[in-house]
Amino acid sequence: MKNTDSLNSPWRKDFPALQNFAKQNMVWLDSAATSQKPYPVIETITDYYQQGSANIHRAQYPLAQKITNDFEQVRHKVAQLINAPTDEQIIFTRSTTESINLLAYGLEANLPNTGNIVISGLEHHANLLPWQRLAQRKGLELVILPFTADGIIDLPAAQVMINKRTRLLAVSQMSNVFGTLQPIKQLIQIAKQQGAITVIDGAQGIVHQPTDVQTLDCDFYAFSGHKFYAPEGVGILYGKTEQLAKLQHWQLGGEMVQTATYHSANFYPAPLGFEAGTAAIGSVLGLGAAIDYLNAQDRAAIANHEKTLLTYLMRELTQREGVCILGQPDQSLISFYIKGIHPADLSQLLTEQNIAIRAGQHCCMPLYNSLGLSGSIRISLALYNNQHDLQQFLSALDKAIELLA
Ligand SMILES: Cc1ncc(COP(=O)(O)O)c(C=O)c1O
């Protein structure tokens, strides 16, 4: 095998969980579901709880002031990460799922009762079900853009199907099934020509592609911290200022209200008006540490490393009889099945051999139904994976095939 150096990960040592997995002889290949966390993230969270927690935006005492400042610094780091013009355009939610649900409620009052909402056939349930329900509530049509055999949203079809009746387009930046980067810039342009609102689900994309919301020119962009080497419980919603101003407040409660009587209330604008209740403060601070960690690395080298692993894995998989890969993966993620073998059986045997992968429909039930498949095995890679992980997986796969054939 050539190029073995680039198949070893210089980042692996920064992730204690990987050392723990090694002791158990376990291979972690499920980073698209959630990522492991580097030392600085773990240390930041531990510090926050050890040095003292305090609620934000409420109290005057020094600890509360410090934590509020640290929290707001993370908002600034997120804005810089995606090149948002101002920090006020970054809303902290709990996840991508919550960001998209926020939008589906927040946009409802200002959408007309005629026309359509356009998504694609490869969306995760998080970017399908909130729009499906919104379409039902408003009496709008839900239009599904087709995707090609490569696993890419069909642009010529989109050109026709996104039309003057389109009120909103919501698509993902990277498919969590095909591992394909989507032509979101072109899709956003098509939607803009028709005056539609544009929403990007960046849950997978942000991890593997530098993202600039101003270049993309999308109205909204959502992602989750936990796939981005940060803790669970923090999500992000970016919006253009004029679009955020039109959103209806959805969750109501503490610290988002300007004035309240028993019978009426006025709310703050974004971001605070959309952050009702106590935020996941420790997780937000952890997200800041994850951004700092990644900023200190060579992101191009990470992308290169992940691509090299992916290419190696693709080559190895396609050499095995009966292996069918879904689409043409671009980055870090491969879904496949083997003719004549049920994915659940294969997954069981891989699990027994300590390989952590996912089998099933990966929260994309309609996609699998449209392909006529009951599911697939998904391998997802991150910066900490190395050649040894893949070899261990491939040898476990060969044993499983031998047993099941
Ligand atoms: C493409 C995509 N969108 C949305 C989500 C939902 O993310 P979360 O569970 O963090 O809300 C996922 C999670 O796997 C995903 O892969």
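The first residue in the sequence is number 1, and the count goes up from there. Atoms within each ligand, like the ligands themselves, are counted from 1 in listed order.
- A salt bridge is defined here as a Lys NZ or Arg NE, NH1 or NH2 lying under 4.0 Å from an Asp or Glu carboxylate O, and Lys246 with Asp219 fails to meet this definition.
- For atom 4 (C) of ligand 1, the nearest non-hydrogen atom of the protein is Asp201 OD2, 3.3 Å.
- Looking only at heavy atoms of the protein, atom 13 (C) of ligand 1 is closest to Lys227 NZ, 2.8 Å.
- The one candidate from Leu181, Asp201, Ile184 that meets the side chain to side chain contact (heavy atoms under 4.5 Å, CB included) condition with Met174 is Leu181.
- Geometrically, ligand 1 and His226 share a nitrogen or oxygen pair separated by less than 3.5 Å.
- Minimum heavy-atom separation, Ser376 to Tyr368: OG-OH, 2.7 Å.
- To the nearest 0.5 angstrom, Asp298 atom CG is 11.5 Å from Leu383 atom CG.
- Residues Arg378 and Asp30 are paired through a salt bridge, judged by an N-O separation under 4.0 Å between the basic side chain and the carboxylate.
- For atom 15 (C) of ligand 1, the nearest non-hydrogen atom of the protein is His124 CD2, 3.3 Å.
- Set against the non-hydrogen atoms of Gln204, the atoms of ligand 1 under 4.0 Å away are 1 (C), 14 (O), 15 (C), 16 (O).
- Considering only non-hydrogen protein atoms, atom 9 (O) of ligand 1 sits nearest to Thr97 OG1, 3.7 Å.
- In terms of modelled atom types and a separation under 3.5 Å, the side chain of Thr148 and the main chain of Asp150 share a donor-acceptor contact.
- Close approach of ligand 1 to Ser224 (heavy-atom distance below 4.0 Å) involves ligand atoms 7 (O), 8 (P), 10 (O), 11 (O).
- In the vicinity of Thr96, heavy-atom distances shorter than 4.0 Å reach the ligand 1 atoms 4 (C), 7 (O), 11 (O).
- Numbered from 1 in the order shown, with element, the atoms of ligand 1 that lie under 4.0 Å from a heavy atom of Ala126 read 4 (C), 6 (C).
- Here Arg75 pairs with Glu72 in a salt bridge; the nearest charged N to carboxylate O distance falls below 4.0 Å.
- Interface of Ala203 with ligand 1, defined as ligand atoms under 4.0 Å from a residue heavy atom, comprises 2 (C), 3 (N), 4 (C), 5 (C), 12 (C), 15 (C).
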